[in-house]
Amino acid sequence: QVQLQESGPGLVMPSQTLSLTCTVSGGSITTNYYYWSWIRQPPGKGLEWMGAIGRSGTSYYNPSLKNHAVISRDTSKNQFTLQVSNVTPEDTAVYFCATGTTTTPDYWGQGTRVTVAS
């Protein structure tokens, strides 16, 4: 079955851009499932759906995000990415990539911890 693995830096300085990559195996980001999503969980808070990229390449975003986010993909590597610009300490969280037929995912990566601090 499909497996997802997040990767990227664990520490990012304020005002910089956070970049994460989700590597997918056992499925294709262009032909399987409807949405390939990024979700995060700040310390002591609940899950927050950030956005997703669909099978056709269209991106969708949560309008309540504090910071600007961009979701894109590299089909040759079967990967999709998250970039959050101008980060603040409030962006500190565990970040997950996930997939499913709706914006409520069925399959999740293990998550990666990102700390925004100087």
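Residue numbers run from 1 in the order of the sequence given. The structure displayed is predicted, hence computed values, not measured ones.
Residue I53 holds its CD1 atom at 13.0 Å from SG of C97, rounded to the nearest 0.5 Å. To the nearest 0.5 angstrom, N62 atom CG is 11.0 Å from S37 atom OG. Between the CH2 atom of W36 and the OH atom of Y107 there is a distance of 10.0 Å, given to the nearest 0.5 Å. The CD atom of Q79 sits 11.0 Å away from the CD atom of Q5 when rounded to the nearest 0.5 Å.
Applying the 6.0 Å contact sphere to CD of Q16 captures more than 12 heavy atoms from other residues, nucleotides or ligands. The 12-atom threshold is not exceeded at OH of Y34, counting heavy atoms of other residues, nucleotides or ligands nearer than 6.0 Å.
A side-chain donor-acceptor contact under 3.5 Å links S72 and T81. At a cut-off of 3.5 Å, with distance as the only test, no side-chain donor of Q83 or T17 sits close to an acceptor on the other residue.
Distance alone, capped at 3.5 Å, is enough to place a donor-acceptor pair between the T99 side chain and the Y35 backbone. Distance alone, capped at 3.5 Å, is enough to place a donor-acceptor pair between the Y61 side chain and the I71 backbone. Proximity of a side-chain donor or acceptor of R40 to a complementary backbone N or O of T92 within less than 3.5 Å is not detected. Formation of a donor-acceptor pair under 3.5 Å by the Q41 side chain with backbone atoms of V94 is not found in this model. In terms of modelled atom types and a separation under 3.5 Å, the side chain of N78 and the main chain of I29 share a donor-acceptor contact.
One hydrophobic cluster, built from ILVMFWY side chains closer than 4.5 Å, holds both V114 and L65.
Considering F96, W49, Y95, F80 in turn, F80 is the only one that fulfils the ring-ring contact (aromatic ring centres under 6.0 Å, His included) rule with W38.
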